[in-house]
A.B. asks: 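Before I ask anything, here is the structure I am working with.
The first residue in the sequence is number 1, and the count goes up from there.
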Amino acid sequence: IKAHAKTLEVMRLIALTTGHTLISLPLDMANRRQPYASVTRRGLLAELMTKITTLDNVSVIKAKVASVASDLAKAKASISFDDGTIMDADWVFGADGINGVCRRYIQGDQALKPMRSVRQAHRFVIPLGDLPEVMASASTSVWLGREGHIVHYPLSDDHLNLVITT
């Protein structure tokens with residue numbers, strides 16, 4: 001993963017209302033805070049796929065999940081894919097998002113609808129060249145506010161990961 005990582009040198013907590021730094025933590029070996037780095041999703045997935053292909057007990061399926069059925073008495077699940085393939089499993093991990101197929105099966109086939117929340121999170125990936133140079137520093141910055149927070153840090157592909165919660 002190091003090949004896809006950007007080493008970060010400092011973590012800053014900043015007051016959103018004033019811009020004052022509340023704390024600055026050096027992320028170095030002297031303070032036993034290394035390695036500390038950011039990794040792109042693409043880089044993490046590439047390394048995971050490289051490792052997965054070396055494991056005999058892992059299958060990579062490129063088809064999309066069409067449905068999941070569970071047999072609670074046997075503690076088993078059956079997954080149907082859009083290419084017609086059916087697979088039995090002990091566990092199903094679905095990371096397909098709030099509107100994904102797997103979400104319907106979280107509570108043993110009960111229909112779950114996304115709940116509305118007063119809190120929201122928005123994520124942006126922005127080219128560093130479009131931002132002031134201070135945003136490109138090798139640091140994680142966490143801006144803390146009463147009504148929300150902002151977190152940003154540079155990625156190894158010359159982009160900035162920006163998360164805003166409100």
A.B. asks: Under 4.5 Å between side-chain heavy atoms, counting indirect links through other Ile/Leu/Val/Met/Phe/Trp/Tyr residues: same cluster for L16 and F124 or not?
C.D. replies: yes
A.B. asks: So do T40 and S156 actually touch side chain to side chain, heavy atoms under 4.5 Å?
C.D. replies: yes
A.B. asks: L8, L128: one ILVMFWY side-chain cluster at the under-4.5 Å cut-off?
C.D. replies: no
A.B. asks: Holding to side-chain contact (heavy atoms from CB on, under 4.5 Å), I want the full list of residues that pass it with Q120, two or more places apart in sequence or in another chain.
C.D. replies: H122, T166
A.B. asks: Please indicate whether R119 has more than 12 foreign heavy atoms, meaning atoms of other residues, nucleotides or ligands, lying under 6.0 Å from its CZ.
C.D. replies: yes
A.B. asks: Using atom types as modelled, flag every donor-acceptor pair under 3.5 Å from a side chain in residues 134-142 to any protein atom, sequence neighbours excluded.
C.D. replies:
from	atom 1	to	atom 2	distance (Å)
S137	OG	V134	O	3.2
S137	OG	S139	OG	3.0
S139	OG	R12	NH2	3.3
S141	OG	R12	NE	3.2
S141	OG	R12	NH2	2.6

A.B. asks: Is W143 reachable from L162 through a run of I, L, V, M, F, W or Y residues, each pair having side-chain heavy atoms under 4.5 Å apart?
C.D. replies: yes
A.B. asks: Flag the pair I61 / T85 as yes when at least one side-chain heavy-atom distance between them is below 4.5 Å, and no otherwise.
C.D. replies: no
A.B. asks: Should M11 and V151 be counted in the same cluster of Ile, Leu, Val, Met, Phe, Trp and Tyr side chains packed under 4.5 Å apart?
C.D. replies: yes
A.B. asks: Can you list every pair that meets side-chain hydrogen bond (donor to acceptor under 3.5 Å, both in side chains) and has a residue in residues 42-57, with sequence neighbours left out?
C.D. replies: H4-E47
A.B. asks: How far apart are the closest heavy atoms of I86 and S80, and which atoms are they?
C.D. replies: CG1-OG, 3.9 Å
A.B. asks: Rounded to the nearest 0.5 Å, what separation is found between the CG atom of L13 and the NE2 atom of H149?
C.D. replies: 11.0 Å
A.B. asks: Which residues end up grouped with M29 if you chain together Ile, Leu, Val, Met, Phe, Trp and Tyr wherever their side-chain heavy atoms are less than 4.5 Å apart?
C.D. replies: none
A.B. asks: Only counting residues at least two apart or in another chain, list the ones meeting side-chain hydrogen bond (donor to acceptor under 3.5 Å, both in side chains) with D158.
C.D. replies: none
A.B. asks: State plainly whether one hydrophobic cluster holds both Y153 and I23, where clusters connect Ile, Leu, Val, Met, Phe, Trp and Tyr through side-chain heavy atoms under 4.5 angstrom apart.
C.D. replies: yes
A.B. asks: Restricting to pairs with a member in residues 80-92, which pass salt bridge (charged side-chain N to carboxylate O under 4.0 Å, His left out), not counting sequence neighbours?
C.D. replies: K76-D90
A.B. asks: For A77 and V92, which heavy atoms make the closest approach, and how far apart are they?
C.D. replies: CB-CG2, 3.7 Å
A.B. asks: How far apart are the closest heavy atoms of L155 and K6, and which atoms are they?
C.D. replies: O-CD, 3.8 Å
A.B. asks: Is the number of heavy atoms from other residues, nucleotides or ligands within 6.0 Å of CZ (R146) greater than 12?
C.D. replies: no
A.B. asks: For V39 and A5, work out which heavy atoms get closest and say how close.
C.D. replies: CG2-CB, 4.0 Å
